[in-house]
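Notes follow once the structure below has been shown.
In this text, all values refer to a predicted model and were calculated from it rather than measured experimentally. The chain is numbered in sequence order, starting from 1.
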Amino acid sequence: MSRRAEIAMSPEELRAFLDQELTLTCATIGPNGRPHLMPLWFIRQGDVLASWTYGASQKVKNLERLPQATVQVEAGKKYKELRGAMLDCDVEIVRDREAILDIGVALAYRYGQAPAGAPPELVRAGAEKSGAKRVGLLFRPTRIVSWDHRKLGGRY
């Protein structure tokens, strides 16, 4: 009997998990038909995950051809600690400069590249410099599978 329902995260648990973890793995389909996996830093904007990457990257080329991806965020080392979520997503490539910079600024604050309390204009200037060749990516989930093995209490 499947124990999937026992280990699924509630929507609140999933949001908290995504806010805690720092790296997602993004799977797109490459030109050879095989998955192309790459790590990305991300922010959560409601139910959408946002990131940025270089516009000339393979993942962007893949998304231009097929704007769908599966992303996974995971944590834990031992089986009884494993937590994660796999999200099938429709993906929007953001090319609007201001929107891209908004993502870059949010990433800078989240990942400590901009100290808390840093003047927003300085953080934005840094995003402008490092984001000149970047595009934004908005991952809109169409299906979510989550797991939290800690809910099993050591039982398998």
For the hydrophobic clusters of this structure (ILVMFWY residues joined by side-chain heavy atoms under 4.5 Å, transitively), does one cluster hold both [X] and [Y]?
X      : Y      : answer
Ile43  : Leu14  : yes
Trp52  : Leu138 : yes
Val48  : Val71  : yes
Tyr109 : Leu122 : no

To check you understand the geometry: which heavy-atom pair defines the closest contact between [X] and [Y], and what is its length?
X      : Y      : value
Cys89  : Phe139 : SG-CB, 3.8 Å
Val60  : Tyr54  : CG2-O, 3.5 Å
Gly55  : Val135 : CA-CG1, 3.9 Å
Asn62  : Pro31  : OD1-CD, 3.6 Å
Ser146 : Met9   : OG-N, 2.8 Å
Gly76  : Leu82  : O-CD2, 3.7 Å

Can you find a pair of side-chain heavy atoms, one from [X] and one from [Y], that are under 4.5 Å apart?
X      : Y      : result
Glu6   : Leu152 : yes
Arg15  : Leu18  : no
Thr23  : Trp41  : yes
Arg110 : Leu22  : yes
Val73  : Phe42  : yes
Leu66  : Thr28  : no
Leu63  : Glu92  : no

Can a salt bridge be assigned to the pair [X] and [Y] using a cut-off of 4.0 Å between side-chain N and carboxylate O?
X      : Y     : result
Arg44  : Glu21 : no
Lys61  : Glu64 : no
Arg140 : Asp47 : no

Let me confirm one number: the [atom1]-[atom2] distance from [X] to [Y], rounded to the nearest 0.5 Å.
X      : Y      : atom1 : atom2 : answer
Ile7   : Asp148 : CD1   : CG    : 8.0 Å
Lys133 : Ser57  : NZ    : OG    : 13.0 Å
Leu24  : Gln72  : CG    : CD    : 10.0 Å
Thr70  : Leu87  : OG1   : CG    : 8.5 Å
Met86  : Glu74  : CE    : CD    : 12.0 Å

**OP:** Check whether any side-chain N or O of Glu81 sits under 3.5 Å from a backbone N or O of Lys77 as a donor-acceptor pair, and report yes or no.
**Re:**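 The answer is yes, because a donor-acceptor pair under 3.5 Å joins these two groups.
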Result for salt bridge (charged side-chain N to carboxylate O under 4.0 Å, His left out) between Glu13 and one of Arg83, Arg150, Lys151 points to Lys151
When Val105, Leu101, Leu107 are each screened for side chain to side chain contact (heavy atoms under 4.5 Å, CB included) with Ile103, the one that passes is Leu107
Show me the side-chain donor-acceptor pairs of residues 32-40 shorter than 3.5 Å, one per line, residues at least two apart or across chains.
from	atom 1	to	atom 2	distance (Å)
Asn32	OD1	Arg34	N	3.0

Mind checking what makes side-chain contact (heavy atoms from CB on, under 4.5 Å) contact with Ala108, not counting sequence neighbours?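 Testing Ala108 for side-chain contact (heavy atoms from CB on, under 4.5 Å), a comparison that skips the adjacent residues, returns Gln113, Ala114, Val123.
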